[in-house]
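These notes concern the structure reproduced below.
Chain letters run A, B, ... following the sequence lines, proteins first and then strands; every chain starts at 1.
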There are 2 protein chains.
Amino acid sequence: MAVATRLKIGDVAKQTGVAVGALRYYESLGLLSSERGDNGYRYYPPEAVHQVQFIKKAQALGFSLEDVGDVLTVHQRGDLPCGFVRSLLQDKIQQLEDQIQQMTAFKADLEQYRDRWAESQPRPQSGDICPLIETVPLTV
Amino acid sequence: MAVATRLKIGDVAKQTGVAVGALRYYESLGLLSSERGDNGYRYYPPEAVHQVQFIKKAQALGFSLEDVGDVLTVHQRGDLPCGFVRSLLQDKIQQLEDQIQQMTAFKADLEQYRDRWAESQPRPQSGDICPLIETVPLTV
DNA sequence: CTGGACCCTGTAGTGAGCTAGAGGGTTTAG
DNA sequence: CTAAACCCTCTAGCTCACTACAGGGTCCAG
């Protein structure tokens with residue numbers, strides 16, 4: 001039976017819903033630490049559950065594990081990393097906006113092709129694979 | 001000197017702007033075929049340039065190389081794959097629309113956090129890493 | 001004392017579309 | 001003839017966050 005102050009990796013996995021392998025992966029990235037017993041087992045304090053939840057929440061905000069590592073580094077310097085988190089968040093928002101814009105423009109392109117191709121079918125020329133696609137310009 | 005009817009891989013690369021390694025990769029996926037000379041070299045007919053341009057155009061429409069392979073398979077059955085291409089295109093447009101919608105919703109979430117966090121700073125509780133992120137709900 | 005549940009390390013694989021390099025053979029211009 | 005430029009195969013690496021073994025050791029209830 002697990003004593004409350006000494007969790008095994010499976011306990012942490014159960015309490016967080018994160019797979020054992022993923023927890024070991026977090027440790028390999030320096031996002032989670034553990035003490036080792038004489039048997040080689042990882043042992044965690046109860047706060048580890050909180051730490052893993054923190055990682056999951058940060059991921060839910062679109063942060064990469066590398067971002068999380070950066071946040072934790074600031075935290076381990078003794079600072080509250082909230083300012084840093086806010087700027088990361090602003091970056092993510094900006095990236096999303098850029099991506100959305102690009103994808104929207106691209107979708108408009110595709111719709112143009114779709115609509116143009118719905119009306120008239122170009123007549124196939126010898127060697128054509130699909131006469132529709134052949135009309136796409138190469139932007140080289 | 002390259003005879004017009006027998007291109008080496010480097011010739012095709014130069015005429016299409018596609019790297020030699022990429023051409024070999026296309027061949028490994030069955031998108032491009034070549035004859036082998038006694039020296040082991042790949043030799044291509046001039047149409048290969050057109051075929052590679054076709055691949056590039058399809059990619060420009062957001063088609064994956066696997067999509068291109070499917071299109072070519074239809075073509076090799078002797079059919080004009082335009083109907084198939086149209087339905088693939090419609091799929092891509094739909095996928096883009098879904099992604100844009102998801103990203104837009106997610107961006108709105110992030111902006112909510114950003115704006116909420118700009119106003120008031122939650123007071124840190126013992127054990128908190130970043131009191132802002134701690135307020136994010138875990139959707140488990 | 002045994003069997004099943006747990007733990008360990010280390011490696012490989014996933015997806016996409018390539019690029020880079022090692023270690024060789026071939027061709028070609030001068 | 002020679003050196004550069006080309007060609008070959010095979011392997012590894014890139015990104016990201018894991019998962020899935022293989023091959024072992026450990027722990028605990030009955």
Query - Single-linkage hydrophobic cluster B:W117~A:V74, side-chain heavy atoms < 4.5 angstrom - result: yes
Side chain of [X], backbone of [Y]: donor and acceptor closer than 3.5 Å?
X	Y	answer
A:R42	A:K8	no
A:E134	A:I129	yes
A:D70	A:D67	no

Query raised in the report: Do the side-chain N or O atoms of A:K14 get closer than 4.0 angstrom to the phosphate oxygens (OP1, OP2) of C:dA5?
Result: no
**Report entry** Separation of C:dG10 C1' from A:E27 CD (nearest whole Å)
**Finding:** 15 Å
Report summary line: From CD of A:E35 across to C1' of C:dC8 the rounded distance in Å is 17 Å
Query raised in the report: Reading nucleotides 8-25 of chain D from the 5' end, what letters show protein touch, with B for base, S for backbone sugar-phosphate only, - for no heavy atom under 4.0 Å?
Result: SB-------BBS-----B
Report task. Please say whether more than 12 non-hydrogen atoms of neighbouring residues, nucleotides or ligands are located less than 6.0 Å from CD in A:E66. Result -> no
